[in-house]
Amino acid sequence: AENEVLQTKADSDDETIREFGGHVSKTNPDFVLTFDGNSVHWPYLVKRADKTKTPLRVGRDGGPPHQSLYGHYSLIGRANVDLLNFADDLYAVKNKTIEDVAKYLGIELSSQNPIDETAYFEHWSNLNQRKNLVKHVEEQTKAILKIGQEAIDYVIQMSALSGLPPDQVIAAAVGFRVDNYLMMETHNLGQLIPSRMEQPIIPYKGAIVLEPKIGLHDNVASLDFSSMYPSLMIKYNISPDTLITGRETDDIFEVPEVRHRFRNHPSGFYRIVLTKLIEARKTTKAELKRTAPSDPRYTLLKAREKAIKVMTNAVYGYAGWAGARWYSKEVAESAAALGRETINRAISIAKSLGLTVFYGDTDSLFVNHDEKLVQKFQGEIDRQLGLEINLTEVYKRILFTEAKKKYAGLKTDGQIDVVGLEAVRGDWSNLARDVQNTVLRMVLEDAKPDRAATYVKGLAADLRSRMLPLSAYVIWKTLTKPVAAYEVNAPHVEAAKKMAKEGWSVTAGDKVGFVITKKTGKLYQKAEPHYKVSTDDIDYDYYVNNQIIPAAARILEVLGLTENQLIAEPGSQARLSGRSERG
DNA sequence: TTTCCCTGCTTACCT
DNA sequence: ACAGGTAAGCAGGGAAAT
């Protein structure tokens, strides 16, 4: 039956593998979906099939999977899609678990308490608990299918655009998707494809980030240039094949600041492909407007539009990537310089119209939302710069911290946008994130810190009696290299070492969950793998002083409160001296 | 001997 | 393993304070 979860009663590897192959042949799917299959399930199955000398018949040819490009396994005649690769494109999902990805995509899961990998063995060993483990895996299997249904249109559209097969395109890094897309277009133009060359990495100056106007501001609009870098590259014909290296002076454009020169005519390669991409996106958007959301083509068009957008936005970065076939430092550097000129001129225009600029980053500006002035501003950007700037959001109230790239705004629909702050960082505890989100809502709604300060003080005073689940205290950090390669001690590395000692395979790219315990010594000596900790072991002082207070203070300091004011009841010196050391 | 301050390593975020 | 710009915590070491 469709969407049926198959379970085997086989009790040996060879029997299980044989049965699995039989089911694949019988079902004969076009797509095979896994979650982390390229790193875990396929290599494992291949190894066990080898060891037991059992044929792993999963391809349409009845053959085994083959290791392919981009760290991916391919099945002959089927598209083997590893949905973890799709999840990597979902920036908002911090910890790429099946459960978190499903939740983000709005997929309902019937089980609320998934079993952590580290508890699998224990569940398997205990016959009563084994049932729960089987149930859990069944739930995950169903979730993977649903995630696949959400991903499939995007995968197919990205494949159609880039020319890479659907199973490869999602495994391929962004640079290789662009590379392949450009190769396709070169072919369409009847031109030759340059070979990839070893290039030294030469850094260059990038975008401008403005100093934010610290504090709470009411009625603020955010505006964004639409496709700023692509638009500038098209406008000034910035491309490797239009770059002038000789003495030409006729019909040329010199980029401000960096002084690279480009021919105005004929159109260069990047102008041609970027124009094509932008036109394709416009066409798709127009078609979407004519299509009812219930129409099956609607999701397909949405996916196509997203794929085109992703590709368009990646071209500038690609041009500055030393591994690109069409690498040109001059091109990337010129686009960046033109971007800086653009934002600077936009700031001048805004100010000349009487608008206040609160903040800006690369291609965005935050100004007071005076509707008439903002419209006039957009008109002037079009007239003076020949570029489009869109009103993307209106905030009833917005808070800028002293730091760049960290702010939060209350939108007109009551939702809060949080940018860069601890609340959106995956390497802070859920506890700290929840506290900061709560503080932000209180502050943005009240426009004063009192309610939030009382809340934080209350929580800090009796954290342990709140009996929060352990998951509130777990901190997740990525291991970016093998544990032995680290130069300095760090809590997540120490926790990883402890896991390795117990036989867990911890490798670069893994997320390590740890909890700070009451043990003595440096912080890294207090860190324990999350699954080994009980709530009795938690160092509550650390979580108050180094998680809750800093996360709350980041916001409340903007309104004049200090960290100390959040810890101490007025006049209580005892608590002040009771703080644990910070760094 | 303890505290303070600076620097480098490290991770994650923003556009 | 698309780009550069930015914040921030912790470790470690030496200088300054006790």
Side-chain angles (χ1 to χ4, degrees), chain A residues 69-72 85 88-89 91-92 94-95 171-182 196 201-212 222 224-225 227-229 310-329 331-337 339-340 343 359-365 392 401-407 417-428 432 475-481 485-494 508-509 511-512 516 521-527 542 545-547 550-551 553-554 581-583:
Chain A
L69 296 164
Y70 315 118
H72 148 265
N85 294 146
D88 283 335
D89 284 11
Y91 169 74
K94 308 290 168 187
N95 213 345
V174 176
F176 293 105
R177 294 180 197 171
V178 178
D179 214 42
N180 219 78
Y181 165 70
L182 293 178
R196 194 185 292 282
I201 295 168
I202 310 164
Y204 62 90
K205 205 169 141 193
I208 287 175
V209 187
L210 303 185
E211 210 62 58
S222 80
D224 285 69
F225 281 97
S227 308
M228 188 176 77
Y229 288 136
V310 167
M311 189 70 82
T312 311
N313 291 340
V315 170
Y316 153 73
Y318 170 89
W321 172 43
R325 282 172 202 274
W326 283 270
Y327 168 70
S328 168
K329 193 204 85 164
V331 164
E333 193 172 36
S334 297
R340 291 194 296 272
I343 195 83
Y359 178 62
D361 184 348
T362 311
D363 64 347
S364 71
L365 284 179
T392 41
T401 66
E402 76 291 348
K404 295 171 176 182
K405 297 179 189 283
K406 288 177 191 278
Y407 59 90
D417 271 348
V418 184
V419 180
L421 292 161
E422 287 76 5
V424 297
R425 288 184 66 101
D427 57 351
W428 283 73
I475 297 165
W476 296 88
K477 267 200 164 74
T478 308
L479 219 53
T480 59
K481 45 190 172 187
Y486 281 86
E487 291 181 42
V488 293
N489 294 309
H492 72 300
V493 180
E494 203 60 25
K511 269 233 184 339
V512 181
I516 300 302
K522 288 279 190 183
L523 199 63
Y524 67 85
Q525 292 164 319
K526 293 155 70 78
Y542 169 81
N545 294 319
N546 297 46
Q547 293 278 322
R554 189 94 51 219
E581 87 280 0
R582 294 272 304 275

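Sequence lines set the chain letters: A, B, ... in the order given, protein chains first and strands last, and positions in each chain run from 1.
- For Lys94(A), a side-chain nitrogen or oxygen approaches OP1 or OP2 of dC13(B) to under 4.0 Å.
- Between dT11(B), dC2(C), dC10(C), one nucleotide has an atom nearer to the side chain of Tyr486(A) than all others, and that is dT11(B).
- Not one side-chain nitrogen or oxygen of Thr362(A) sits closer than 4.0 Å to the OP1 or OP2 atom of dG5(C).
- If you check every strand for non-hydrogen atoms under 4.0 Å, Ala332(A) touches nothing.
- For the pair Tyr542(A) and dG9(C), the criterion of a side-chain N or O lying under 4.0 Å from OP1 or OP2 is not met.
- Among dT15(B), dA3(C), dT11(B), the nucleotide with an atom closest to any side-chain atom of Val419(A) is dT15(B).
- Taking the P atoms as reference points, dT11(B) lies 16 Å from dA1(C), given to the whole Å.
- In this structure, Ala207(A) reaches the sugar-phosphate backbone alone: every heavy-atom distance under 4.0 Å involves primed, P, OP1 or OP2 atoms, never a base.
- For the OP1/OP2 pair of dT10(B) and a distance below 4.0 Å, the side-chain nitrogens and oxygens of Lys481(A) include at least one atom meeting the criterion.
- In this structure, the nucleotide among dT15(B), dA1(C), dA8(C) sitting nearest to the side chain of Ala173(A) is dA1(C).
- For Asn546(A), no side-chain nitrogen or oxygen approaches OP1 or OP2 of dG9(C) to under 4.0 Å.
- Across all strands, Gly323(A) comes closer than 4.0 Å to no nucleic acid atom at all (heavy-atom distances).
- OP1 and OP2 of dT6(C) both lie 4.0 Å or more from every side-chain N or O belonging to Tyr359(A).
- Each of Ala314(A) and Ile208(A) has a nearest nucleotide on DNA chain C; the 5'-most of these lies closest to Ala314(A).
- Distance alone, capped at 3.5 Å, is enough to place a donor-acceptor pair between the Lys404(A) side chain and the Val209(A) backbone.
- Which of dT10(B), dC2(C), dG5(C) sits closest to the side chain of Lys405(A) comes down to dG5(C).
- Set against dA11(C), dT15(B), dT11(B), the side chain of Lys522(A) has dA11(C) as its closest nucleotide.
- To the nearest 0.5 Å, the span separating OG1 on Thr362(A) from CZ on Arg340(A) amounts to 11.0 Å.
- Proximity of Thr480(A) to the phosphate of dT11(B): a side-chain N or O atom is located under 4.0 Å from OP1 or OP2.
- Among the protein residues, Lys477(A) comes within range of the sugar-phosphate backbone only, with heavy atoms under 4.0 Å from sugar or phosphate atoms but none that close to a base.
- Nearest nucleotide to the Lys406(A) side chain, out of dT15(B), dA7(C), dA3(C): dA7(C).
- Of the listed nucleotides (dA1(C), dA11(C), dT11(B)), dA11(C) has the atom at the smallest distance from the side chain of Leu523(A).
- Note on Lys329(A): nothing from the nucleic acid sits closer than 4.0 angstrom, heavy atoms only.
- Checking dT15(B), dC2(C), dG12(C) against every side-chain atom of Asn489(A), the shortest atom distance belongs to dG12(C).
- Separating the CG atom of Leu69(A) from the P atom of dA1(C) is a distance of 17 Å, rounded to the nearest angstrom.
- Nearest to the side-chain atoms of Val488(A) among the listed nucleotides dC2(C), dC9(B), dA12(B) stands dC9(B).
- Pairing partner, dC2(C): none, since no Watson-Crick or wobble contact has both distances short of 3.5 Å.
- A donor-acceptor pair under 3.5 Å is formed between the side chain of Arg177(A) and the backbone N or O of Ala172(A).
- How far OH of Tyr181(A) is from OG1 of Thr312(A): 7.5 Å, rounded to the nearest 0.5 Å.
- Dashed line: the shortest gap from a side-chain N or O of Tyr524(A) to OP1 or OP2 of dG12(C) is under 4.0 Å.
- Set against dC9(B), dG12(C), dC13(B), the side chain of Glu487(A) has dC9(B) as its closest nucleotide.
- Within the nucleic acid shown, Tyr204(A) comes within 4.0 Å of sugar-phosphate atoms alone, with no base atom in reach, counting heavy atoms only.
- The side chain of Lys404(A) places an N or O atom within less than 4.0 Å of a non-bridging phosphate oxygen (OP1 or OP2) of dT6(C).
- Contact annotation for Val315(A): no contact, since no heavy-atom pair falls under 4.0 Å across all strands.
- An OP1 or OP2 oxygen of dA7(C) is reached within less than 4.0 angstrom by no side-chain nitrogen or oxygen of Arg554(A).
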